[in-house]
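First comes the structure, then the notes that go with it.
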Amino acid sequence: MSACATARATDPTRTKNIHQSPSPPPPPNGRFRIAGADLSASIAVFLIALPLSLGIALATGAPLQAGLVAAAVGGLVAGRLGGSPLQVSGPAAGLTVVTADLIHRYGWRTTCAITVLAGVAQLGLGCLRVARTALAVSPAIVHGMLAGIGVTIAVAQLHIVLGGTPESSVLDNLRALPAQVAGPHPAAVSVGVLTLTLLLLWPRVPGRAGRLLRTVPAALVAVAGATAVASLTGLTVPRVELPSWSSHALAGLPEGPVLGIAAAVLTTTLVCSVQSLLGAVAVDKLVSARPGLTTRVGRSDLDRELLGQGTANVVSGALGGLPVAGVAVRSSANVNAGAVSRNSTLLHGVLVVAAALLMVPLLELIPLAALAALVMSVGIQMVSLHHIRTVTRHREVLVYVVTTLGVVLFGVLQGVILGVAVAVAVAMHRLARTRITHEEKEGAHHIHVRGQLTFLAVPRLSRALHLVPHGTRAVVRLDGSFMDHAAYESLQDWQKTHTAQGGTVELTDRRTGVRDSAHDDGSRPAEGITTPNGTDTSTGPETDTDTDADADTTSHAGTTAPARPTAPGPDAAPNTPPTACRCRPWTPWRNHHCAHPPSARPTTHPADTGTTTGTGTGAGTGAGTGAGAGAETTGTPTDPTAPGAPTTHTPTTPTTPAAPTTPRSPTSEPSSVQQLARGISAFQRDTAPLVRGELARLAREGQRPSQLFLTCADSRLVTSMITSSGPGDLFVVRNVGNLVPPPGRESGDDSVAAAIEYAVEVLKVRSITVCGHSGCGAMQALLNSEPGGARTPLTRWLRHGRPSVARMADEGRPWARLSGRAPADAVEQLCLTNVVQQLEHLRAHESVARALRDGALELHGMYFHVGEAQAYLLAGAGGSEVFDHVEAAERPR
């Protein structure tokens, strides 16, 4: 280790600096303070909400003030009482069709009363704490409902853009559309086309000027531009009319049939609640993308959000406003504008009130065609191609199409009911659909069951089983996770009969891939299949009915398990070796050292001298040492029943010999070719069927990773496991020491630079993460290197890490540190410093610098402690580099 590094590692003053924690926030002094970010975000949301509120009121046929009332109440009441601090509520496009139908049937005052009753119903649901039940609705139904509403809005507003008046239903609007197109109003069409053009082109203004201009919302620019042109050119078009607030109509007593009013309340409650709750979940996803904001804002309280929305609807309806719900457009604008608390939502409501009272002369200059074009564009955007691709990939197109057509043809409530009915029918069909095939190959009869095995499939199962001749070898493969009592009894009865007549039966299942043979008595059921009482029928070393890591009990090297002979039975597959690896793909793995049976391992083997590891979930951190959750026993265990002792296998039948107990010889070690072939074979058998569809899609569409992940080549770092990612998610670059050579150096280091350029310029990744890890051998080599040493390929490569050593030795720089504890030693300190230094090297690359200037790329630092299985993310920069640990996410409920 170099002298400077040693001095820094033992410097008491620097250690104190590492332990230093951020100062606590000053105590509140009782004054109300508004963050600058909340103020700017509230202005951005207000500029979007003002024209949209007027446009939605116009689309429903309600008084235009009703849109302003709903926007103000949504900001002030729902913003203050709701459970999602950054969600912005107000009149939503998703409620347009419902509200327009209510106004047409019952009039405006009764519609306000229905809004009040719907708010009361939401309050009742919030008190019952059933908010998360709404999330059980299939996304295909929600997307189909929004698409149907979007089609209805777009068709109706097209009439206003053309200078006409919309009809009461979609079919009537479609029938009247040819005549309207044949005789348009030129002035209204001009205003509408100008509005749509500005909406389309404003977000696409290029260059630095475009980034500055895009801070002004496109909706405001479109409406303001169309208003200015119409006023300056003197176009004669219908404009906004805002009567005096003294004549504004408030809610009255509901008048109409009781069943009709009840259905209207139910529809309004359903649409408002589902849209608001799904919006709150979407806002949580936006907040999670800003790590610094997550700890300050927290996750949404859905039951409180339902109470806040209910209160807002009661107030809005009583004051003569439209129904209120969470609005995705305004909420995403609020988060993206940098809001940090619910104050931004409250201020947006205050600004709406001020505009409604003070800006009436300006608002009355707005052409109705401009508002109609704005709302029509919103309706078109509600038919999302992304949603269509999603439901297609999950085979729910039928549910989506039926819901969309139901909403368009019959109404929102009827369309949703149709969608729910179809979704239930599709789910039942998938549950009951079981494919059973029979084929004869290699002298055996193979019965393959795909799907859940219930009583509905018993006749087909029995028919297939009786195709197997007496006295032959049969292999039954069950690709399902459930078998009910009727199917279980049918399979067991046939198995006993078939074996009694001299045949053999092997039962397998896809999840374990383990065979269980029955010959004479047929008494052993298949491994890994869940029986009607919910227990696992397996008798082998892996007795596991759950894929959760807490429920696994494995029998790999060094773990205890039920005794079972390792030698095959007389009817076992001839090509199945007694030492075959029993690790299962895509399930929690433990102590992945299963090339040999535990009983064949010597008591002191060179690879695991002195350490026997209990049940664990981690990878080994050294030779023969498992960093798992189980206990470690040092020395040679002498008690055969103690945890960690080698399992002793005893024969269960005279024909099954005991496993060998002598130490294995060097010649018994499997070759690397055998290990590779066995692993590939297991992939082809068990994992390939699971991923083939996804990989086929990626092969068609090409790779579109979201980020470049640059990490060390250390074998203990499994990037897909650490980041919970799958095929196509990460573009991974690995090298010794996770180094990023600065540009402009001598040749031989273009590999990393080429990968960076390809990821940024071609793949258009949105982020680059540099990940270091504990116990890095490259960092240890850097600390131990001496000037003027041998020039080997490794030392030439590690020269790119010398700036990290120099950075750590610089007295003028504060050390990169871990949140909550000091680095364990100089190696860990250098690992942290190296991540920060390599991020600086990244910024020096031209492609990265250009993407950072354009706001198209983010850089992240990460540190992974292997022994603790703990990830840390770099939370500070510019002299305050702090790696904060990542908390375990809450399981979705």
- Note on the structure: Residue pairs meeting side-chain hydrogen bond (donor to acceptor under 3.5 Å, both in side chains), one or both in residues 118-128, sequence neighbours left out, come to Q122-S273, Q122-N313
- Check V324, V120, V77 against V314 for a side chain to side chain contact (heavy atoms under 4.5 Å, CB included) and give me the one that passes. V120
- Message: Taking side chain to side chain contact (heavy atoms under 4.5 Å, CB included) as the definition, give me every residue that meets it alongside L409, ordered by chain and number, with sequence neighbours left out.
- Response: L171
- Item | Which residues share a side chain to side chain donor-acceptor pair (under 3.5 Å) with S344, sequence neighbours left out | N334
- List for me each residue that meets side chain to side chain contact (heavy atoms under 4.5 Å, CB included) alongside A333, sequence neighbours excluded, and say none if there are none. I48
Could you list the donor-acceptor pairs under 3.5 angstrom formed between side-chain atoms of residues 412-425 and any protein atom two or more places apart in sequence or on another chain?
none

- Task: Taking side chain to side chain donor-acceptor pair (under 3.5 Å) as the test, write out the residues that go with T392, two or more places apart.
- Result: none
- Note on the structure: Residue set satisfying salt bridge (Lys or Arg N to Asp or Glu O under 4.0 Å) with D172, at least two apart, ordered chain then number -> R175
- Residues at least two apart in sequence or cross-chain that pass side chain to side chain donor-acceptor pair (under 3.5 Å) with E694, listed by chain then number, are R697
What pairs of donor and acceptor atoms, side-chain ones from residues 394-402 against any protein atom, are under 3.5 angstrom apart with sequence neighbours left out?
from, atom 1, to, atom 2, distance (Å)
H394, ND1, T390, O, 2.9

- Message: I'd like to check the side chain to side chain contact (heavy atoms under 4.5 Å, CB included) partners of A59; sequence neighbours left out, ordered by chain and number.
- Response: T96, Q157, V375
- Take atom CZ of R304 as the centre, draw a 6.0 Å sphere, and report whether it contains more than 12 heavy atoms from other residues, nucleotides or ligands. yes
Contacts table for residues 67-76: side-chain donor-acceptor under 3.5 angstrom, sequence neighbours left out:
none

- Note on the structure: The side chain to side chain contact (heavy atoms under 4.5 Å, CB included) partners of S300 (sequence neighbours excluded) come to S84, A280, D284, L302
